[in-house]
There are 2 protein chains.
Amino acid sequence: MDSAEQKGTQRRRTSSRASVTIRDVARHAGVSVATVSRALRGSDLVHPATRERVDAAIEELRFTPSQLGRSLAERRHAANGIVFPDLSGPYYAEVVLGYEEVAATLGRSVLILSTHNRESADDMVLELAGRVDGLAVFGRTVHDDVVAEILQRGVPVVLMARTEIEGADSVRTENVVAATSVVDHLLADGHRRMAFLGDPVESTDVAERWAGFRGALAQAGVDVPDRTVLAGFKEDDGARVAGALIADGLPDVVVCANDELALGLTVALAEEGIEVPGDVAVTGWDDVMAARYAGLTTVRQPMREMGGRAAQLLDARISGDRSEPRHDVLTTQLVVRRSCGPHSKEAHR
Amino acid sequence: MDSAEQKGTQRRRTSSRASVTIRDVARHAGVSVATVSRALRGSDLVHPATRERVDAAIEELRFTPSQLGRSLAERRHAANGIVFPDLSGPYYAEVVLGYEEVAATLGRSVLILSTHNRESADDMVLELAGRVDGLAVFGRTVHDDVVAEILQRGVPVVLMARTEIEGADSVRTENVVAATSVVDHLLADGHRRMAFLGDPVESTDVAERWAGFRGALAQAGVDVPDRTVLAGFKEDDGARVAGALIADGLPDVVVCANDELALGLTVALAEEGIEVPGDVAVTGWDDVMAARYAGLTTVRQPMREMGGRAAQLLDARISGDRSEPRHDVLTTQLVVRRSCGPHSKEAHR
DNA sequence: CGCTCCTTTGGTACCGGTTACATAAACCGG
DNA sequence: CCGGTTTATGTAACCGGTACCAAAGGAGCG
């Protein structure tokens, strides 16, 4: 008895300094914490009159339940994470937005993590995994064994634009069919000698696009380049290879792994007096906003939808509605603009 | 004694089902939880030999400390939030990226919330505030009294591109000087009749730009329009007003509150056969990626830096390094491109 | 050899909620 | 008027860490 009383005193003393807790509310309303908790959660095992007293106390003390305490007791975070290499591209921003939108609707907060090629990325992702109920992981941000580790801890993972991993869901966009339609369109416009700009090792998407590109050329009986022109993902990377392309003798068209490469390349070529599509055609991938204004032929991907789909897949796994992995593939669409106009090198000179 | 033993048994039984906790590690290593906790936190009050045993146990049991338990005990989330209206624009994406980058460096996770003009935005923001140590709030996403409420709960807030609120830090970009330099440049190019596209009520930024615009015109003794052409923030909004502008008689130049409006307007005008800058000049604001490719004259804002600055301001408040509010203003820069070329309406016709 | 002082470690009360279980009050037909 | 439910509430043991305080063991010193 004596010790219990002392305990109560201690508690009151500390809580006067700190924020108001459920015990303060209970004392104020003259009920137990259990009753307050029930009232908070809308349980129907609370007498209306009692509920009113509790509500009044909550109001009066300006009580806000602690998410932390709640999460700890419920053993759930009510939050999802998403990991991507860099938000700087318009591409990732769109995906994140789609993800956030759906997650918010499902009552889950969203934690973002951009790895920026930091060497500590793996640890950061593991740390993030400890804060969420589910995790969406983009492309080549983190090693396979880290993903496996996260899965083993019981946190569902959905991979985006990445090769499948045992036990994880995945969402990606269709690449081979798209690459084929790009090539077919270029062929129809009279282009023959085609180069591919991008590094297949950097991403599954690029690898698939490169494979589709080669396949379509082979199918048409046209010269297939035996390797890509290596480049990263940014405008600078595209600009950097312009010189080498010119030196090697320009092809009819450069198919780029994404829009930023294509746009950067186009600008760098223009600086050398080479016109697109007059002297060389260029195509991109993603259909970012700038592609519209630059008149870039490209492949449109449903990025927002991809993010949203990822959030839905995760939700199903988290709530236990589904246990076997699912792998969704979203369709893409060729968008023809002036950057790949009919082959007209002769006419132009 | 008896009850204590029973308690221990119960605990073991439950934890066998659930994930491995610090108590499992303690038992396995033959030490107390306090020692494990010290070892985890790198305290130097642990004997090297003991630390080794603990590390071995952690390794063996594949123990990962629960972020929730830790946060609850430490009374901190180690996470920051950021609220913005919509990520769809390139503008917000950049700011969020800058914010995340700095926050991550400071060891804080980032929770994002896009309000999408949802009517439940206020509640969502309040909920978010309960999950973070500090919150960055963008423009017109949430009511002043909600911000006040959050501040009162002891969560520091930094406002971005928004009118100051008592007790909150803020970061914004310079608008009046920028508007003046835009107008001065246009005047130098021979433009006189200027319209302003954007809704000053929608955002503090727009209001300041509009004010700066009027001030500069008045200063130069040129006709000052008495109201703006109202529009939102998207390309569609810009396109929508094209017809009205034409019907009212085109001005020499349309100064737009952001790039998306300017770009949307330009495209819509082109569809009506009106050329930029030949028939009418157009300027934007933000310098998004598409603006470069569209040749749009605009005002560059350091968006990434704004996000980073917000994270830094928050960090200082959270760690208690600073208690008086700070209000930072970042400088902007006029970027002249061909969309505002010299006034040449006559020459053109 | 006894006595401080310091290093290491253990016990346990928190952090702020949820919820199983026990209990008490109210209601019901017989 | 009584035993059996049903309804409403209280008690306390969790969730998984942190850190204060006390205690044990060992070293240094007179």
Side-chain angles (χ1 to χ4, degrees), chain A residues 1 3-4 6-15 17-27 29-54 58 61 63-78 130-131, chain B residues 1 3-4 6-15 17-27 29-54 58 61 63-78 130-131:
Chain A
M1 264 298 168
S3 85
Q6 194 191 340
K7 189 196 289 184
T9 311
Q10 284 180 342
R11 200 165 266 159
R12 193 173 310 125
R13 195 185 301 141
T14 49
S15 62
R17 173 182 58 77
S19 62
V20 32
T21 77
I22 198 174
R23 299 181 219 265
D24 300 319
V25 176
R27 196 177 316 122
V31 298
S32 73
V33 291
T35 300
V36 177
S37 179
R38 288 189 201 102
L40 277 174
R41 327 207 75 230
S43 160
D44 49 356
L45 283 88
V46 182
H47 193 90
T50 312
R51 183 185 302 273
E52 230 167 89
R53 285 221 312 288
V54 172
I58 289 175
L61 298 177
F63 167 72
T64 323
S66 152
Q67 284 296 331
L68 279 178
R70 184 167 277 179
S71 290
L72 187 58
E74 289 179 342
R75 319 189 64 161
R76 67 178 227 127
H77 300 266
R131 298 171 152 269
Chain B
M1 264 297 168
S3 86
Q6 192 194 341
K7 188 196 289 181
T9 311
Q10 284 182 342
R11 201 165 264 161
R12 193 172 311 127
R13 194 186 302 139
T14 49
S15 62
R17 172 182 57 74
S19 63
V20 32
T21 76
I22 199 173
R23 296 177 222 267
D24 300 318
V25 175
R27 197 177 313 121
V31 298
S32 72
V33 291
T35 301
V36 176
S37 179
R38 286 186 204 107
L40 277 174
R41 326 212 71 221
S43 159
D44 50 355
L45 283 88
V46 182
H47 192 87
T50 311
R51 183 185 301 273
E52 233 167 86
R53 286 221 313 287
V54 172
I58 289 174
L61 298 176
F63 166 73
T64 323
S66 152
Q67 285 295 332
L68 278 177
R70 186 168 273 178
S71 291
L72 185 57
E74 289 180 342
R75 319 190 64 160
R76 67 181 227 125
H77 300 267
R131 299 171 153 268

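Here is how names work: the chains are called A, B, and so on, in the same order as the sequence lines, proteins then strands, and each is numbered from 1.
- Take the nearest nucleotide of DNA chain D for A:Val31 and for B:Leu40: the residue whose nucleotide is more 5' is A:Val31.
- At a cut-off of 3.5 angstrom, the base of D:dG16 holds no donor-acceptor pair with the side chain of B:Arg70.
- Among the atoms of the strands shown, only primed sugar atoms or phosphate atoms (P, OP1, OP2) are found under 4.0 Å from some heavy atom of B:Gly30.
- Evaluation of atom-type donor-acceptor distances gives no pair under 3.5 Å for the side chain of B:Arg75 against the base of D:dG17.
- Checking the phosphate oxygens (OP1, OP2) of C:dG16, a side-chain nitrogen or oxygen of A:Ser19 falls inside 4.0 Å.
- Each of B:Val33 and A:Gly69 was matched to the nucleotide of DNA chain C holding its nearest heavy atom; the match closer to the 5' end belongs to B:Val33.
- Atom CG of A:Leu68 is separated from atom CZ of B:Arg70 by 13.5 Å, given to the nearest 0.5 angstrom.
- Residues from residues 41-50 of chain B lying near DNA chain D, meaning a heavy-atom separation below 4.0 Å, are B:Arg41 in numerical order.
- In this structure, the helix from C:dC1-D:dG30 to C:dG30-D:dC1 shows an angle of 50° between the axis at its start and the axis at its end, each fitted on 5 base pairs and rounded to 10°.
- Using a 4.0 Å heavy-atom criterion, one finds that A:Ser37 contacts the bases of the nucleic acid, with or without backbone contacts as well.
- The shortest distance between side-chain heavy atoms of B:Leu40 and B:Val25 does not fall below 4.5 Å.
- Environment of CD in B:Glu52: sparse, with no more than 12 heavy atoms of neighbouring residues, nucleotides or ligands closer than 6.0 Å.
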